[in-house]
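One structure is given here, and the rest of the page talks about it.
What's counted below: heavy atoms across the whole structure, side chains too, no hydrogens, waters or symmetry copies.
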Amino acid sequence: MSMQSAKLPHAGAPTLNADALHADARRESFGLLALLSPGLLLVFAVIIVPIGWLFWLSLFDETGSLSASNYARFFQQPSYIKTFLTTFKVAFAVTGACVVLGYPLAYMLSQLPRRAASICLILVILPFWTSVLVRTYAWLVILQRKGLINSWLIDLGVISQPLPLANNFAGVIIGMTHIMLPFLVLPLYASMKTIDIDCLRAGMNLGASPAATFRQIFFPLSLPGLASGVVIVFVLCLGFFVTPALMGGGKVIMWAMRIEQTTSLYSNWGAGAALGVVLLAVTLALLGLFQWLLGARATGVWSSR
């Protein structure tokens, strides 16, 4: 009898330990929630509340009645669809141009010595110190019919008539690419600098050529930085206003310009809010698709290995 009573505390010990561990886990969760609460409240106040207010405002027409006419207008008026497609066409074109120009630049910076790379990074960041409006007007001076580029080409005898480089789609792409390029180079450069050089040396020691080493090792490892830069550039392009308004010459109307016209010129806040909600929904859907494609590609790469 005494032996059984001596074993009873040991039999209940695992239960007591489990309860204590669960209590510690709950206390830790409450502590983390308390630490995160200021940030969560800030996100709620700055992001969730404005988006909710925007969606609520989009449900009312010009008379203040609850209606879906603001969303129906998007499908009824061809101008809305045209500007919507133009917005994404510009965003995709600028993002592609930034990738073509930014990836070689970031790769070159990652291969330079630390001091030389720091100097070159200063040159990459330098445009941030100048206003977007000033840079856009500078591009207008350079690209207009009597600008620097056309004047030089005519003086050299390369062309006889000025090239249409401003006040059109090409001018918008050139101006926005210059502004957005650092947003892709910086995260891509940071990702490339974290790549272990020993991985590249191991690939070459196993007989891979420099091109194969870059294609099979360096490029896949740089994809997270490239994906981050692409997302940043693409999202910023969708809401860009100043450069398309000036470089487009009124011929390239983007979604942000349409929202500005709807709210300021026609004072139709419901329709403007609906345009913002549609743009947000389509952007989130495209970002989700991009993340799924990136995850599927990463899974395929690792399964092939």
Side-chain angles (χ1 to χ4, degrees), residues 78-109 120-189 226 229-261 265 279 283 286:
S79 61
Y80 280 78
I81 299 177
K82 182 180 179 180
T83 54
F84 186 78
L85 295 177
T86 300
T87 300
F88 282 91
K89 188 188 298 184
V90 170
F92 279 114
V94 173
T95 304
C98 288
V99 171
V100 172
L101 297 175
Y103 196 95
L105 177 59
Y107 179 76
M108 182 198 70
L109 294 176
C120 293
L121 279 176
I122 292 176
L123 298 178
V124 173
I125 301 173
L126 191 62
F128 286 133
W129 302 348
T130 308
S131 171
V132 174
L133 187 62
V134 174
R135 282 183 279 170
T136 303
Y137 274 115
W139 275 112
L140 279 175
V141 173
I142 294 172
L143 298 177
Q144 62 184 343
R145 294 181 62 86
K146 295 184 179 179
L148 296 177
I149 293 181
N150 280 318
S151 299
W152 289 345
L153 293 177
I154 291 175
D155 292 339
L156 293 174
V158 178
I159 58 175
S160 58
Q161 296 293 330
L163 298 175
L165 299 177
N167 299 324
N168 53 19
F169 187 83
V172 173
I173 300 302
I174 294 173
M176 290 183 62
T177 300
H178 170 253
I179 295 172
M180 294 297 172
L181 189 59
F183 290 101
L184 185 131
V185 172
L186 294 178
L188 186 54
Y189 169 77
L226 180 61
V230 166
V231 170
I232 293 172
V233 171
F234 183 77
V235 172
L236 290 177
C237 287
L238 292 177
F240 223 71
F241 179 84
V242 176
T243 303
L246 295 177
M247 298 294 294
K251 301 176 183 178
V252 181
I253 307 297
M254 294 186 64
W255 208 243
M257 300 165 62
R258 175 66 68 181
I259 294 175
E260 189 271 338
Q261 292 175 359
L265 187 61
L279 180 62
T283 303
L286 287 177

CE-OG1 distance between Met254 and Thr86, expressed to the nearest 0.5 angstrom: 8.5 Å
Pairwise distance CE(Met180) to OG1(Thr243) - rounded to 0.5 angstrom: 7.5 Å
Heavy-atom check, side chain of Leu133 versus side chain of Leu246, under 4.5 Å: yes
Chi angles and distances behind the side-chain contact (heavy atoms from CB on, under 4.5 Å) call for Val124, Leu109: CA-CA 10 Å; Val124 173; Leu109 294 176; 4.2 Å; yes
Residue pair Lys146 / Pro162, side-chain heavy-atom distance below 4.5 Å: no
Closest heavy-atom pair and its distance - Thr95, Ala91: OG1-O, 2.6 Å
For Pro244 against Phe240, the heavy-atom pair lying closest together: CD-CD2, 3.7 Å
Heavy-atom check, side chain of Val90 versus side chain of Ile173, under 4.5 Å: yes
From CG (Leu238) to CG (Leu279), nearest 0.5 Å: 5.5 Å
Distance (rounded to the nearest 0.5 Å) between Leu286 CG and Phe88 CZ: 5.5 Å
Pairwise distance CD1(Ile179) to SG(Cys237) - rounded to 0.5 angstrom: 9.5 Å
Ring centres under 6.0 angstrom apart (Phe84, Tyr80): no
Distance flag, aromatic centroids of Phe183 and Phe128, threshold under 6.0 Å: yes
Gln144 backbone acceptor or donor facing Asn150 side chain under 3.5 Å: yes
Student check: side-chain heavy atoms of Leu181 and Val233 closer than 4.5 Å: no
Sidechain-backbone polar pair: Thr87 side chain, Trp255 backbone, donor-acceptor under 3.5 Å: yes
Between CG on residue Leu163 and CG on residue Leu143, distance to nearest 0.5 Å: 10.0 Å
Val230 and Leu184, any side-chain heavy atoms less than 4.5 Å apart: yes
pair Met257-Glu260: side-chain heavy atoms closer than 4.5 Å: no
Shortest non-hydrogen separation from Pro187 to Pro182 and the atoms involved: CD-O, 4.3 Å
Within-4.5 Å side-chain heavy-atom neighbours: Val94 and Val172: no
